[in-house]
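In what follows, chains are A, B, ... by sequence order, proteins preceding strands, each numbered from 1.
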Amino acid sequence: MKTLLQNYKHPSIKPVWCPGCGDYAVLNSVQKAFAELELKPEEIGVVSGIGCSGRFSHYFNSYSLHGTHGRALPIATGLKAARPDLTVLVAGGDGDGMAIGGGHIAHAARKNIDLTYLIMDNTIYALTKGQSSPTSPVGARTKTAPYGVFEDALNPMAIFLSYDVSFIARTTSLKIKEMEHIITSAIRHPGFAIIQIMSPCVTHKSLTYEDIKENVPELPENHDPTDKLAALKYAYAEPQYTGIFYNIRKPTLEERLTSVFDHVTEKAFNKNHTMTTSQIMEEYR
Amino acid sequence: MKTLLQNYKHPSIKPVWCPGCGDYAVLNSVQKAFAELELKPEEIGVVSGIGCSGRFSHYFNSYSLHGTHGRALPIATGLKAARPDLTVLVAGGDGDGMAIGGGHIAHAARKNIDLTYLIMDNTIYALTKGQSSPTSPVGARTKTAPYGVFEDALNPMAIFLSYDVSFIARTTSLKIKEMEHIITSAIRHPGFAIIQIMSPCVTHKSLTYEDIKENVPELPENHDPTDKLAALKYAYAEPQYTGIFYNIRKPTLEERLTSVFDHVTEKAFNKNHTMTTSQIMEEYR
Amino acid sequence: MAKQQKKRIKPTVDFTIRIAGEGGEGVISCGELFAKTIARTSFHVFTFITYPSEMRGGYSMIQIRFRDVTVYSMGSFVDCLVVFNQEAYDKSIEVLKAGGILIYDPDKVNIDTALPVQKFPVPIEHISKDVIGKTLGKNVVALGVLSHIYDLERDQTKKLILERYGSKGEKVVEGNYAALQAGTKEADTAGIPQVFSLAGGKPANAEYMFISGNQAVALGAIAAGCRFTAGYPLTPATSIFETLSKLLPLVGGKAIQMEDEIAAISAIIGASFGGEKVITPTSGPGIQLMAEQLSLASMLELPIVVVDVQRGGPSTGLPTKTEQGDLKFAVYGSAGESPRIILAPTSVEDTFYQTIRAFNLAEKYQLPVILLTDQSIGYRKATVKMPDFDKIFRVDKFDRKKNIKIPQADLIDILQRQEPTDKELADYKRYRDTKNGISPISRPGTPGGQYVATGLEHNEYGRTDQSPENHLKMSKKRFRKLDTVSRAFEKNPMETYGDPHDKIGIIGWGSTEGAIREARYLAEDKGIKVRHLHPSTISPLPERQISNFLHRLDHLIVVEENLTGQFAHFIKAKFGVKPIEVHKCEGTPFTPHEIYNAIMKVARIADEDTITKL
Amino acid sequence: MAKQQKKRIKPTVDFTIRIAGEGGEGVISCGELFAKTIARTSFHVFTFITYPSEMRGGYSMIQIRFRDVTVYSMGSFVDCLVVFNQEAYDKSIEVLKAGGILIYDPDKVNIDTALPVQKFPVPIEHISKDVIGKTLGKNVVALGVLSHIYDLERDQTKKLILERYGSKGEKVVEGNYAALQAGTKEADTAGIPQVFSLAGGKPANAEYMFISGNQAVALGAIAAGCRFTAGYPLTPATSIFETLSKLLPLVGGKAIQMEDEIAAISAIIGASFGGEKVITPTSGPGIQLMAEQLSLASMLELPIVVVDVQRGGPSTGLPTKTEQGDLKFAVYGSAGESPRIILAPTSVEDTFYQTIRAFNLAEKYQLPVILLTDQSIGYRKATVKMPDFDKIFRVDKFDRKKNIKIPQADLIDILQRQEPTDKELADYKRYRDTKNGISPISRPGTPGGQYVATGLEHNEYGRTDQSPENHLKMSKKRFRKLDTVSRAFEKNPMETYGDPHDKIGIIGWGSTEGAIREARYLAEDKGIKVRHLHPSTISPLPERQISNFLHRLDHLIVVEENLTGQFAHFIKAKFGVKPIEVHKCEGTPFTPHEIYNAIMKVARIADEDTITKL
Ligand SMILES: Cc1ncc(C[n+]2csc(CCOP(=O)(O)OP(=O)(O)O)c2C)c(N)n1
Ligand SMILES: Cc1ncc(C[n+]2csc(CCOP(=O)(O)OP(=O)(O)O)c2C)c(N)n1
Ligand code: SF4
Ligand code: SF4
Ligand SMILES: [Mg+2]
Ligand SMILES: [Mg+2]
């Protein structure tokens, strides 16, 4: 396994995260999941946004794209839609994913595109050195909320459920085993999978290891991940649970497009064949 | 009432909507709600997006802003935050609000800014003449889905609930009485209120009057609008219910800012007074 | 295509017809059926459409021109005017030629009886009501009238009616047939003259198609090998994405509607990274939202094609009207400095080829190519020579062809992006600092080709490196591609018309080509000779084209449809000349006569020699 | 402020110190404490900071310069260099003057022993470990060494340490005191010379504050009456929004963090519609997302101020480095044609006043004003004369003052937007087509002032009207404001330095002013006289300023920190001149010597007269 893992690590680029950053554990778990799934490195696409967590894509021996703030998801959507043969992983932070990029999630969910999206949630804008994020707790002092955050924090699990994302999970940087299991399952899952990872920032300390050490129980064994209302109850429960909240099978984008395509080719005069450019032009004569 | 109503109508601009468009009923209801609440026209701000429904703001004798596609909500947020003395109404379509503008709703909800936001949902992009919208039903033929919409439609009620918008309702262009009641309540509601109005487009016919004539029951009398899980159940129920799904009281943006402000002025050396510019400069000497 | 047609062939047949009314009255579909019927003959057709941005009401019109030779513009004046209401009459009457035919609905329109035109009241609404019991057949009644005047092939028109209304049921089709016939009969009864006979002539030349500029983009994309688009509706570009949504699945491609323009361009960036040829069509409001991602694509050196069908601005502006207002934005519309190429098609036919060229350039130079069309060319429909796809030349190793020519109907190069060799993969530098700035790009799935494409400044391997030396080196590398482009374009044929000795020169870009050409012919007929340069590459600035053109010129006119003279500004900055700038900022395209008048004014001044030489 | 200081006062004291190490080692805070201590004396201080965009590691440095007169730039060479590690040594050693002092950690750095400098090994990490048991006090040890060399007022430094670390508890403060003392003691023991004594001199002039360019924007906004900001964090602009978030509530204003830059500019548009003075600070990546709303604000004629603290581009680029790469985007960064004003502050002090001016211009002309600063000026800290707020002149009826002057410390005009009179409200035309293009704007709440502000083309009442005539008329109206601006600026004093007879001229814009000024002084010392124009208004182009400046000039040099020469392009387009363009595209600001070298090269060529005259 050790040597196998090396396959997925960038041969020379080492993470620039602070020592102790929660994101190291995430990186490690993803690489282990790739190994577990025996993926070919050249058939992996990693797309990330901007933020400390946004540096994710640099550390793989894969085809990686480190784009702009908040746009990892639509970029990955294009990549996966054009190249369904690749395994595509998306990574970013709470700000990247839920503030500037928040508008994209619902639409990836509508397509149920077969992506795995990791949100490393440290409840702060870390790269820019400590401003409020949409998951910062009310009252917290941040650089942009010197008198305390006055907005309510978002509830990511509830939101993803309302979008009907087909695989939804939460874990923490301390639950290494659970994280590996969840990431592996998410990559295996046919369709859009989203994982909120509570990943402490040791420098800006909005979310600390203390916060995720206790009081973050696993979902009970008997939780039925196909039961949305049950999942919603856990989404609203205190303390915060970890585990797979929701997991259903519905057609992926590729399956949806194929069914459209079948329909089209049946209609097209060349049954079961695509048309040539010349044939298309003929239609406009 | 009749003459009073005139106060709120633009003295000369008449709607350019197609005869029979569902949006007429909405316009009428809003003007009635204004009259009911005896608002001063010059103390009303109406902000709208782009779309047929986006023309809304033109038809009032108010301070109106007809902005860009998808940005009515953040524009209104600035207006209301700067001028809490005004009553601010936001209006737009399903595409404007849930596609390009979809990312803004969660954040208006986090601030619980005291706005009333009307989404006129005709499940189609009408102004641009019939393309798929995020609420178009799967399989429907549209100009951009000539072989059928292959994405799942969004569930607006569930989504708004997951954002914890503090007042959430649904109605239709045929339920005039209910609509007036809901809009009036929404304007009265201190905090962010959002109303999905099923408003048929007679030209592009994705949502028709047929669709909203039957099979759209009111929420049962005993529905408790402070019970989020109950509201969620109705959000997922078939047929689609109308009425006030959710209605809770939490601090508005203005209240939140005031409490921050109180905190600040206590700390500032001029207790209960704001500082002068010179005093601020002194701090940087 | 137009550019090659250097010799002027004078038309023997040249008619212009305008149908005007209110949005929702069906004037556009009336005109389209008329135009389409003509398109099935051997005549060349050209249409121009304008309609209000409102959902209903407002001034709506279609202008149709047909000739026995290529039609270059909508024309300045019309031979026949059909008006449905007073506003349409008021706004259009001035363009009706003296002696021309005026058809109007007497129940709706008060006319100036003193006008020196042939006036024929036809109660089209009334007739429609009589015949089919509703007023909404009045546009087909009007079509019947036109059918009489220009003696249309009835069966052809009926076939087109069937195509258009067939899905609405037999009754509707029959009603329309009746309305058509009633119109023709009324025209006959009223003694309206039969001006020309389009019926019974030679059938349409099989080599031609009748398409709009927007359709030309979609077809060009498919011909160029594009199999992926992501888009978001935006007037007047929407029909490109709609056409691609219909056609791409038929050729095994994919079209995906996104939640906004940012997502659309992001998706094509992702797909291009995946190795696909990609496009997203939009207009001013939308391309503004793409600024950040245009910069990203340029930094990642990924090929993308963005179409901006310009409309009246700024802001929401005039959504259904035309303008050439986005040029500066196309060139400079990102923060920092990121190279891109801007092409501006000059006609519907040219749009097809420039689209292909846009893909070739994007793939070869690995950067965003912006195709700058506008509402007038996008909505314009014209008869266009069909390309012969058997002669398409797929250039896989593009180095064989050093320069990317203006494609022609009989020779279309289709380029593919350059991939690294096995030797290069051994120590793969994605952003190798080559002499021409182009570095081979690996396709995901290729072992050994893995790399990170990052928007941060990076070194040749793609690793982030923000040192002063590296930033300078890589900035130069990226911009070197534009130098290479410029050098390659040196070899392209001159895009000039007229005699190189003419002392008055006129430069235009984009959709004004036809109007300028006709203005030149008009001037020529008055003995004033004018040279015309109409470069299809707008940025990088076609220096050789322009400097050759400026050579021995006394007076330079630069024509564009905007307020501030955007292209003129580029020319001034580069060549230090002071052109006479002719701007139009009214939402409507230049007519040949407007440009002709400008030429004549300059010619008079030139005569008096009161203007300083360039 | 700088502009008025025409007479050159030569400094008698002028020291430059650089501290360099790795991100996370505290070099910046070491330098800041050093600089702040000096700021409490009568000397003028100036700092320049650069650090990596990574979360940790990478080259990080601060350069501090102090003089007995105003400091204009970070200087070209340093008198004293403190390096924490090898990379810092390698990247910095070349700027240490011959005979200068080198302080290095011998456990970390291998030096070239042959260098003609005074070399002092100080094991700062080791000392820190010894004294406080951790290595992270090493920056304060270094501060102790500097404290010895420049004989800092110890109590002052300790006070500043208490301010900075007080919240971390007494133990930390005590540890830092100990580290400070240990550093000083070690310096003494090691025989490091005491070069200058800052202690015991005159105390800080009460009229001065020590602020960064970003703080100057925040303070300027507050002084101008801005009480609303909406923002989104973005390096290197973040501290503006952070400062406003802290200060605005103190003066009764509001600061709201939005979900992205589109929302931020949208919110300030809404607030401006509500009648507030508004600002949003951002940088390249963010302002790109604002393109559509900039166009909207211009179309709605709403006053907004947008600050672009430029960073290295394109795309994510070099987030913590400087560049003047966004000029073209600022001017042309929207589709269609929408007027706006661009101001570029030249120093920290000027930033304060240009910010005030930005508000005045926005409110008066009802359009977006973009304040174009950059990382180097935003992060730069300098001693700045305090404005006297008793002399602020509130101009409510702004027509009394026709031109908006460059504000000065002793006379600040604060303008308010013009509201309609009762007479005007009787038939209120929000967009009245006035002679100067400015139409009174009603504040929500005013009875009779209701109107719709629409991004669609509209008539004087604000009603949508897309007719050709109206579009032309209203486009002209909007752009007429820029003419009015230009005319008003004619009366502003010339922003030139040097003798009008000098034959070599140099034009720069923005943050390069100080470096150019010093380069000019250096050249002067060698007998080469140079004129310098540094306009603070970049667009509309200050035509009178430039044409006056070009008058009788033989050689023009245009200096800017970008690859393509953006401002030079404007000048070329307008004046047909061919300047010598000096570009730097490395993420770091020009040093005076780099510009001096360019001047000398030109002077040599001028001497040989081999260059064609302008
Ligand atoms: C358009 C744009 N706006 C703002 C930024 C600045 N920025 C970079 S990262 C970031 C937020 C980072 O927070 P998060 O996504 O939570 O990631 P983290 O650093 O906490 O892992 C911001 C605002 C940017 N790069 N681009
Ligand atoms: C940035 C931008 N993108 C696209 C458009 C084009 N556009 C105008 S309205 C609209 C959608 C309208 O749909 P909806 O919001 O549902 O409103 P409706 O017309 O159905 O009432 C679109 C895509 C635009 N104006 N601006
Ligand atoms: S700043 Fe925080 S999130 Fe960023 S690398 Fe350091 S610990 Fe991790
Ligand atoms: S097109 Fe549809 S939504 Fe638009 S005005 Fe007409 S009926 Fe209403
Ligand atoms: Mg974060
Ligand atoms: Mg709709």
Measure the CG-CG distance between A:Leu257 and C:Leu248 for me, rounded to the nearest 0.5 Å.
->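 Between atom CG of A:Leu257 and atom CG of C:Leu248 there are 11.5 Å.
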To the nearest 0.5 Å, what is the distance between CD (C:Glu292) and NE2 (A:His69)?
->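 These two atoms lie 9.0 Å from each other.
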Would you mind telling me which of [options] has the largest number of heavy-atom pairs within less than 4.5 Å of chain A?
options                                : answer
C:Ala267, C:Gly455, C:Pro444           : C:Pro444
C:Gln215, C:Arg40, C:Glu276            : C:Gln215
C:Ile268, C:Ile211, C:Val452           : C:Val452
C:Ile269, C:Leu247, C:Val278, C:Leu302 : C:Leu247

Which heavy atom of [X] sits nearest to which heavy atom of [Y], and what is that distance?
X        : Y        : result
C:Leu456 : A:His66  : CD1-CE1, 3.6 Å
A:Glu43  : C:Gly445 : CG-CA, 4.3 Å
C:Arg463 : A:Ser12  : NH1-OG, 2.7 Å
A:Met281 : C:Ala223 : CE-CB, 4.2 Å
A:Ala81  : C:Ile256 : CB-CD1, 3.5 Å
C:Gln450 : A:Pro41  : NE2-CB, 3.6 Å

Is there a donor-acceptor pair under 3.5 Å between the side chain of A:Tyr63 and the backbone N or O of C:Thr446?
->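 Present.
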Would you say C:Gln293 and A:Pro74 make side-chain contact, with heavy atoms under 4.5 Å?
->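 Heavy-atom side-chain distance check fails, nothing below 4.5 Å.
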Mind checking what makes side-chain hydrogen bond (donor to acceptor under 3.5 Å, both in side chains) contact with C:Ser467, not counting sequence neighbours?
->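 Counting only residues at least two positions away or on another chain, C:Ser467 forms a side-chain hydrogen bond (donor to acceptor under 3.5 Å, both in side chains) with C:Asp465, C:Glu469.
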Contact winner vs chain C - A:Thr77, A:Leu73, A:Asn61, heavy-atom pairs under 4.5 Å |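 Looking at each option in turn, the highest pair count goes to A:Asn61.
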If you tally heavy-atom pairs under 4.5 Å against chain C, which of A:Ser278, A:Gly70, A:Gly45, A:Ser64 wins?
->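 Among A:Ser278, A:Gly70, A:Gly45, A:Ser64, the one with the most close pairs to chain C is A:Ser64.
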Identify the residues of residues 257-266 of chain C whose heavy atoms come closer than 4.5 Å to a heavy atom of chain A, ordered by number, or report 'none'.
->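 Interface residues of residues 257-266 of chain C: C:Gln257, C:Met258, C:Glu259, C:Asp260, C:Ile262, C:Ala263, C:Ser266.
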For A:Lys111, is it the side chain, the backbone, both, or neither that has a heavy atom closer than 4.5 Å to a heavy atom of chain C?
->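 Just the side chain, heavy atoms under 4.5 Å.
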